[in-house]
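Just below is one structure, and these are the notes that go with it.
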2 protein chains.
Amino acid sequence: MFGKDLLVRMLDRRDTLPTDEIALIDALPVRPVTFGPDEEIVREGSRPAESCLVASGFAVRNQAIREGKRQITAIHVPGDFVDLHSLLLKMMDHSVSALGSCDVVFIRHKDLLTAMDRSPHLTRMFWLSTAIDASIQRTWITCLGRRSAKQHLAHIICELYIRLEIVGLASDQSFAIPLTQAELGDVLGLSVVHVNRTLQELRATDLVSWKDRRIVILDFERLALLADFDATYLNLFHEPR
Amino acid sequence: MFGKDLLVRMLDRRDTLPTDEIALIDALPVRPVTFGPDEEIVREGSRPAESCLVASGFAVRNQAIREGKRQITAIHVPGDFVDLHSLLLKMMDHSVSALGSCDVVFIRHKDLLTAMDRSPHLTRMFWLSTAIDASIQRTWITCLGRRSAKQHLAHIICELYIRLEIVGLASDQSFAIPLTQAELGDVLGLSVVHVNRTLQELRATDLVSWKDRRIVILDFERLALLADFDATYLNLFHEPR
DNA sequence: CGTTGGTTTGAGCATCTTCAACACATGTGG
DNA sequence: CCACATGTGTTGAAGATGCTCAAACCAACG
């Protein structure tokens, strides 16, 4: 297991993975590590020789800026190949850290390259995983630039629900995520105070409940309508790539 | 030519392209098309069978939202493989349009796949090009979320200068770009009025001049300091990938 | 039982938006 | 050549959105 099953599930949702490619993934040697809340998984400025995959829990990408401020540029759920792009980019321009307790497995670039040499299609599936990340990032840009705080918050809740559902971690309009309001502020580009007030607005209109690190979507349709949420960017189509 | 020379230059800045890979790129059949200002190059919701490369001029990615608002999620300069990711993502969740007059060439996915089958390293170089785009997008997220309008504007000017310099379209702290203040607002997530006032602040402190579609950076060092600009995310390192 | 991390509230202020008008250059048709 | 429309840049004023600071609240935990 070690999260590789979830990776397969995530990719198989988009295109059938032939058994020989699943075998290649299964055969990849892993180095599992557990990180505690807020611990750094990959350091900014480092040059990793391996990429990491989330097995359980959540990881975030941080871009630190002056005066202790930071922006979270991605939230990664189990099955996500967090820093697969370090295979190509070499130098990390941001850090990756755990959100709550997080199990990850590290896979050497060398081994990834060997597996990809055997299968051009597997290469494309890995590339696809980074392309979906990029697609999500474009949507985040639009949320940050042109949507209100309330819409943005609603949008991210819809997105997380769908992404978690794919890997079996969300159902019945509900999922668990250890995200504090301060961290949510770093995702939305807002202050803690404003996150709190925006959250209250969503609660007041009976759209979501958010308690004890568990989010319940009370009315997905209305929430998606408010957020102007369209799941196209998550690429939930199963087709040859 | 047809912009492929610039693509090679852009990639060769990051890793030496062996002559056989350059030959593979040269041999790719192209379909050149010229687009007028604001014309749509790739339509949202379409399923392209080819990807496009900017040969001259500029292209932007648009994400349209309700009530005629839009967000520009990327600015592409000559040599950029704008929608290479459609090779994997299939369905376009955003559109690409010309900024001013723009020459692009379309390259069939089929031909790209054939070329990549011959060279895993070339595949990685194309993948790298999308990974750099993603890296830029992460930085835009941080600019939108955590930097002031003034810093953000300064940041994008620094970025454009460096990216254009790589392909030989900027020198002496100056470059041309046909960007109106309204379009700049769609990049920065600001209203036209505020763009205008922010631009005036930069002019008032003698950091940049912006007239007749030409930007002159009067003091790069001070501008970069203000913007908190660090070029790491542009991956200007030449190394084996 | 006090400490700690997270949430909530109020008040004043800064940033940015909207609306409305004007300035200025370019291009068009009469 | 003038009259007029169009696109872009600029300005002022009022109002909305979101920030900062400061304090209180609350549950979990040693």
Side-chain angles (χ1 to χ4, degrees), chain A residues 36-39 58 60 65-72 97-101 143-156 176-204 208-215 226, chain B residues 36-39 65-72 97-101 143-156 176-204 208-215 226:
Chain A
D38 235 7
E39 271 182 21
F58 296 84
V60 296
I65 64 169
R66 285 192 295 226
E67 299 133 32
K69 288 203 225 164
R70 68 159 181 174
Q71 174 71 35
I72 291 176
S97 54
L99 200 65
S101 171
C143 284
L144 280 160
R146 289 295 187 214
R147 286 194 236 265
S148 66
K150 195 165 148 187
Q151 283 187 303
H152 190 177
L153 177 54
H155 203 282
I156 204 107
I177 185 168
L179 199 60
T180 66
Q181 294 187 6
E183 285 159 339
L184 192 51
D186 289 333
V187 170
L188 303 173
L190 298 174
S191 66
V192 202
V193 174
H194 202 65
V195 167
N196 184 279
R197 286 175 178 145
T198 308
L199 209 38
Q200 286 179 48
E201 283 186 65
L202 290 191
R203 285 197 276 240
V208 300
S209 109
W210 185 316
K211 273 207 309 208
D212 297 333
R213 324 196 136 182
R214 171 163 288 278
I215 297 176
L226 166 67
Chain B
D38 235 8
E39 271 182 21
I65 64 169
R66 287 193 293 227
E67 299 133 31
K69 288 204 227 164
R70 70 160 178 173
Q71 173 71 35
I72 291 176
S97 54
L99 199 67
S101 171
C143 284
L144 280 160
R146 291 294 187 214
R147 285 193 237 264
S148 67
K150 196 165 149 189
Q151 282 188 303
H152 190 177
L153 178 54
H155 203 282
I156 205 107
I177 185 167
L179 199 60
T180 65
Q181 293 186 6
E183 286 159 338
L184 192 52
D186 289 333
V187 170
L188 303 173
L190 297 175
S191 67
V192 202
V193 173
H194 202 66
V195 167
N196 184 282
R197 287 177 177 143
T198 308
L199 209 37
Q200 285 179 48
E201 283 186 65
L202 289 190
R203 284 198 275 241
V208 299
S209 109
W210 185 317
K211 271 207 311 207
D212 298 332
R213 323 199 135 183
R214 172 163 287 279
I215 297 175
L226 165 67

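Side-chain contact between A:Leu184 and A:Leu153 is present, with at least one heavy-atom pair separated by less than 4.5 Å. Two residues are said to be in side-chain contact when any heavy atoms from C-beta on lie closer than 4.5 Å; B:Ile65 and B:Gln71 fail this criterion.
Taking the C1' atoms of five terminal pairs at each end of the helix from C:dC1-D:dG30 to C:dG30-D:dC1, the two resulting helix axes are inclined by 20°, rounded to 10°.
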Base contacts versus sugar-phosphate-only contacts with protein, heavy atoms under 4.0 Å: please encode nucleotides 24-30 of chain D as B, S and - from 5' to 3'. -------
Letter per nucleotide, 5' to 3', of nucleotides 4-17 of chain C [B base touched, S only sugar-phosphate touched, - untouched; heavy atoms, 4.0 Å]: --SSBBBB----BB
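The salt bridge (Lys or Arg N to Asp or Glu O under 4.0 Å) pairs that include a residue from residues 176-190 of chain A are A:Arg70-A:Asp186, A:Asp186-B:Arg146, where partners are two or more places apart or lie in different chains.
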Compile the donor-acceptor pairs under 3.5 Å between side chains in residues 188-197 of chain B and protein atoms, sequence neighbours left out, one pair per line.
unit_1: B:Ser191; atom_1: OG; unit_2: B:His194; atom_2: N; d: 3.3
unit_1: B:Asn196; atom_1: OD1; unit_2: B:Gln200; atom_2: NE2; d: 2.4
unit_1: B:Asn196; atom_1: ND2; unit_2: B:Gln181; atom_2: OE1; d: 3.0

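Atom pair B:Glu201:CD and D:dT11:P shows a separation of 13 Å (rounding to whole Å applied). In this structure, the CG atom of A:Leu153 is 11 Å from the P atom of D:dG18, given to the nearest Å.
Shown here are the side chain to side chain contact (heavy atoms under 4.5 Å, CB included) partners of A:Ser209, two or more places apart in sequence or in another chain: A:Val216. For B:Arg147, the side chain to side chain donor-acceptor pair (under 3.5 Å) partners two or more places apart in sequence, or in a different chain, are B:Asp228. Shown here are the salt bridge (Lys or Arg N to Asp or Glu O under 4.0 Å) partners of B:Glu39, two or more places apart in sequence or in another chain: there are none. Every residue was checked against the side chain to side chain donor-acceptor pair (under 3.5 Å) condition with A:Arg213, not counting sequence neighbours, and none meets it. Under the side chain to side chain donor-acceptor pair (under 3.5 Å) criterion, A:Ser97 pairs with A:Asn62, sequence neighbours left out.
Annotation for A:Leu179 and A:Trp210: closest pair O-CZ2, 3.8 Å, computed over non-hydrogen atoms.
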